[in-house]
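Here is the structure we will look at.
Bear in mind that the values here come from a model prediction, so they are computed numbers and not experimental data. Starting from 1, each residue takes its place in the sequence as its number.
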Amino acid sequence: MTDAWTNRKRRSIMNLCVHRREGIPFISSREDSDASHTGTYIFDYVDKCIEDVGPEKVVQVVTGNASNNMAAASLMEKKRPSCAAYTVNLMLEAIDKLPRFKNAIDKTRALTIFIYAHHPTLSMMRKMTKKCDIVRLGVTRFATNYLCCKAWWRRRSN
């Protein structure tokens with residue numbers, strides 16, 4: 001997260017923080033009174049901090065919506081293209097590996113494969129659920145896993 005402000009002595013200060021479960025520590029803070037806070041300047045500052053932290057550890061960069069921040073965001077998008085769907089996919093992939101969730105997903109997958117592989121069972125399921133399907137393709141394989149789990153959970157609750 002970026003934050004810029006001016007203190008009582010008219011000094012311009014830029015901060016970079018990380019939001020994590022343990023709190024919000026500063027990564028970097030600098031007094032920048034002599035610099036013009038252009039989009040390029042902000043981009044260079046944030047990009048250096050991303051390199052210091054490790055790009056693989058950064059999920060999202062949050063800034064204000066001032067024009068200089070938007071220009072920095074545009075430069076960041078060119079250098080480090082990203083997508084919210086990709087980020088969510090990485091999170092779901094990591095969750096899939098946790099034993100607690102892996103077991104449920106494996107059982108859901110096995111049951112779904114069984115039903116769709118046996119036409120009479122599939123026909124009966126569709127009749128009992130008013131032609132609802134379990135499998136709905138998601139944007140990614142990991143999203144599909146959770147959509148299947150949700151469909152089974154809904155069927156169990158009814």
Note to self: If I compare all heavy atoms of Ser33 with all of Ser12, which pair ends up nearest, and what's the gap?
What the structure shows: OG-N, 2.9 Å
Next item on the list: Give, for atom CD of Glu51 and atom SG of Cys49, the distance between the pair rounded to the nearest 0.5 Å.
Entry: 10.5 Å
Check: Met128, Met125: one ILVMFWY side-chain cluster at the under-4.5 Å cut-off?
Finding: no
Next item on the list: Apply the test side-chain contact (heavy atoms from CB on, under 4.5 Å) to residues Thr38 and Asn68: give CA-CA distance (whole Å), side-chain angles for both, the deciding distance (0.1 Å), then the verdict.
Entry: CA-CA 5 Å; Thr38 64; Asn68 57 348; 5.7 Å; no
Margin query: I need the His37 NE2 to Met14 CE distance, nearest 0.5 Å.
Written below: 5.5 Å
Next item on the list: Could you state whether Val53 and Ile42 fall into the same hydrophobic cluster, counting links through intermediate Ile, Leu, Val, Met, Phe, Trp or Tyr residues with side-chain heavy atoms under 4.5 angstrom apart?
Entry: yes
Next item on the list: Spell out, yes or no, whether Met70 and Phe43 are grouped together once hydrophobic residues are joined by side-chain heavy atoms under 4.5 Å, including indirect joins.
Entry: no
Margin query: How long is the straight-line distance from NZ of Lys102 back to CD1 of Ile105, given to the nearest 0.5 Å?
Written below: 8.5 Å
Notebook entry, point to check: Can Asn15 and Ser29 be said to form a side-chain hydrogen bond (donor to acceptor under 3.5 Å, both in side chains), step by step?
Noted result: CA-CA 4 Å; Asn15 298 318; Ser29 184; 2.4 Å; yes
Checklist line | Residue pair Tyr45 / Leu16, side-chain heavy-atom distance below 4.5 Å | finding: yes
Checklist line | Flag side-chain contact, heavy atom, 4.5 Å: Lys79 against Asp47 | finding: yes
Note to self: Can you tell me how far apart CZ (Arg126) and CD1 (Ile115) are? Round to the nearest 0.5 Å.
What the structure shows: 10.5 Å
Notebook entry, point to check: Met1 versus Val61: any side-chain heavy-atom pair under 4.5 Å?
Noted result: no
Notebook entry, point to check: Within the side chain of Ser123, is there an N or O that forms a donor-acceptor pair under 3.5 Å with the backbone of His119?
Noted result: no
Item checked: Separation of Lys107 NZ from Thr112 OG1 (nearest 0.5 Å) -> 13.5 Å
Next item on the list: Determine, step by step, whether Lys48 and Asp52 satisfy the side-chain contact (heavy atoms from CB on, under 4.5 Å) criterion, reporting the C-alpha distance in whole Å, the side-chain angles of both residues, the deciding distance to 0.1 Å, and the verdict.
Entry: CA-CA 6 Å; Lys48 181 186 179 320; Asp52 291 346; 2.9 Å; yes
Checklist line | Common cluster, Tyr116/Phe114, ILVMFWY with side-chain heavy-atom separation under 4.5 Å | finding: yes
